[in-house]
Amino acid sequence: MQVFRSHFGALRRHAYLFLLWMQRDIKSRYAGSIGGLFWALLQPIFTIALFYVVFALVLQVRVPELASTSGYFLYLLAGLLPWLSISDGLARSTGALVGQEQFLQKVVFPIEIIPATAVITSLVTQLIGMMFLLIFLVVAGMVSFRWLLLPVVLACQLIMTLGLGCALAILGVHVKDLLQLTPVLLQFLFYSAPILYSRSFIAPGYHKFFLLNPFTALIEAYHWILLGIPINLATALALGFWVLVLGLGGWLLFRLLKPTLGDYL
């Protein structure tokens, strides 16, 4: 917990600088495009629509736990919205320090702000999408007290992605091949997590292997809170385990390698 406090404490001490960097990051991502910030919404909408057409309409995939005609659409939204945020934040944080190489060579700067900005700005689309998902669920009569736990699972996601994002950012400076490897790794994690399909599709003997994916337990926690799909004790324990490993381990690795950064920039 002391490590987590030091991580968030560093961001809090540089709050004004952090907000300025976030503003700069958002503007630079969409500068010059006609759609501007609307692309932050349009890109996930296109992605969700594509997967829905392929898996729900063409392949006719269904989720046994959700019998309604809109069940798969809600299942897809509940898992894909956090994943799009996670994958975008991790992909951008991997090259975040390398992309600011010339800037960091000239200016003394709290470098943890750079990957943290990539992770946190990627949450914007998820939060907006979650608002619409909750509206859909209200209309469908699926309101639940479990929704009160949404901030908890969102905090778990933030800790995991901040720790892993910082680790990838510092490793990306030391090992440039990581910039090409990360998209491949993210694709593997995506298809091995229960986002497009339910774990109930897989033989029970293989279920435990899914928990080796750090984000399986997180996605299933969202499915439980939003849709009421049950999770077992092993999934809950796996979520706590990966929060510690990625959050704590990633930040410790970042702090360990941070003093060597000047030798590689």
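All figures in this text were calculated on a predicted structure; none of them were measured in a lab.
Within the 3.5 Å criterion, the main-chain N or O of Asn232 finds no donor-acceptor partner in the side chain of Trp224. Proximity of a side-chain donor or acceptor of Tyr75 to a complementary backbone N or O of Tyr197 within less than 3.5 Å is detected. Using a distance-only test at 3.5 Å, with no hydrogens or angles considered, no donor-acceptor pair links the side chain of His223 to the main chain of Ala78. A donor-acceptor pair is defined here as one N or O able to donate and one able to accept, closer than 3.5 Å; no such pair exists between the side chain of Tyr222 and the backbone of Leu150.
Counting all heavy atoms, side chain and backbone alike, Ile48 lies closest to Leu76 at O-CD2, 3.7 Å. The shortest non-hydrogen separation linking Leu253 to Ala167 is CD2-CB, 4.0 Å. Taking all atoms of both residues into account, the shortest heavy-atom contact from Leu246 to Pro214 is CD1-CB, 3.6 Å. Scanning all heavy atoms of the two residues, the minimum distance from Leu178 to Gly172 falls at CD2-N, 3.8 Å. In terms of heavy atoms, His174 sits closest to Thr260 at NE2-OG1, 2.8 Å. Closest approach of Ser85 and Ser122 over heavy atoms only: OG-O, 3.0 Å.
One finds the CG atom of Leu189 at 4.5 Å from the CG atom of Asn213 (value rounded to the nearest 0.5 Å). Trp83 contributes atom CH2, which lies 13.0 Å from atom OG1 of Thr47 (distance to the nearest 0.5 angstrom). Rounded to the nearest 0.5 angstrom, Thr161 OG1 and Leu158 CG are separated by 5.0 Å. Rounding to the nearest 0.5 Å places CG of Leu123 at 11.5 Å from CG of Leu81. Of the inter-residue distances, the one linking Leu244 atom CG with Met160 atom CE reads 10.5 Å to the nearest 0.5 angstrom. Atoms OG1 and NZ, on Thr235 and Lys208 in that order, are 14.0 Å from each other to the nearest 0.5 Å.
Both Leu212 and Val245 belong to a common hydrophobic cluster when Ile, Leu, Val, Met, Phe, Trp and Tyr are linked at side-chain heavy-atom distances under 4.5 angstrom. Note: the hydrophobic cluster containing Leu237 does not contain Leu239 (ILVMFWY, side chain heavy atoms under 4.5 Å, direct or indirect links). Leu256 and Val173 are not part of a single hydrophobic cluster, where members link through side-chain heavy atoms under 4.5 Å apart. Residues Phe215 and Leu181 share a hydrophobic cluster, clusters being chains of Ile/Leu/Val/Met/Phe/Trp/Tyr side chains in contact below 4.5 Å. No continuous path of ILVMFWY side-chain contacts below 4.5 Å connects Phe55 to Ile45, so the two sit in separate hydrophobic clusters.
Taking 4.5 Å as the limit, some side-chain heavy atom of Ile86 sits within range of a side-chain heavy atom of Leu218. Considering only heavy atoms from C-beta on, Phe190 comes within 4.5 Å of Leu196 through its side chain. Side-chain contact between Asp88 and Thr121 is absent, with no heavy atoms from C-beta onward closer than 4.5 Å. A 4.5 Å side-chain heavy-atom check between Ser87 and Gln187 finds every atom pair outside the cut-off. Two residues are said to be in side-chain contact when any heavy atoms from C-beta on lie closer than 4.5 Å; Leu227 and Met142 meet this criterion. Considering only heavy atoms from C-beta on, Phe132 stays 4.5 Å or farther from Leu77 through its side chain. In this structure, the side chains of Leu154 and Gln126 come closer than 4.5 Å at one or more pairs of heavy atoms. A 4.5 Å side-chain heavy-atom check between Leu74 and Val63 finds every atom pair outside the cut-off.
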List the steps and the verdict of side-chain contact (heavy atoms from CB on, under 4.5 Å) for Val153 and Leu149.
-> CA-CA 7 Å; Val153 72; Leu149 295 175; over 6 Å; no

Using the side-chain contact (heavy atoms from CB on, under 4.5 Å) rule, take Leu226 and Leu134 through it: C-alpha gap first, then chi angles, then the decisive distance, then the call.
-> CA-CA 8 Å; Leu226 293 168; Leu134 291 176; 3.7 Å; yes

Begin with the C-alpha distance, continue with both residues' side-chain angles, and end with the deciding distance and a verdict on side-chain contact (heavy atoms from CB on, under 4.5 Å) for Ile229 and Glu220.
-> CA-CA 8 Å; Ile229 299 176; Glu220 292 192 338; over 6 Å; no

Decide yes or no on side-chain hydrogen bond (donor to acceptor under 3.5 Å, both in side chains) for Thr216 and Arg199, but give the supporting numbers first.
-> CA-CA 10 Å; Thr216 290; Arg199 260 208 288 175; over 6 Å; no

Apply the test side-chain contact (heavy atoms from CB on, under 4.5 Å) to residues Leu137 and Val143: give CA-CA distance (whole Å), side-chain angles for both, the deciding distance (0.1 Å), then the verdict.
-> CA-CA 6 Å; Leu137 293 175; Val143 180; over 6 Å; no

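Two rings, from Phe73 and Tyr52, have their centers less than 6.0 Å apart.
The environment of Phe201 atom CZ is dense: over 12 non-hydrogen atoms of other residues, nucleotides or ligands sit within 6.0 angstrom.
Note: His207 and Phe210 have perpendicular aromatic rings, judged against thresholds of 30 and 60 degrees for the angle between ring planes.
Thr182 pairs with exactly one of Val184, Leu186, Leu185 by the side chain to side chain contact (heavy atoms under 4.5 Å, CB included) rule, that one being Leu186.
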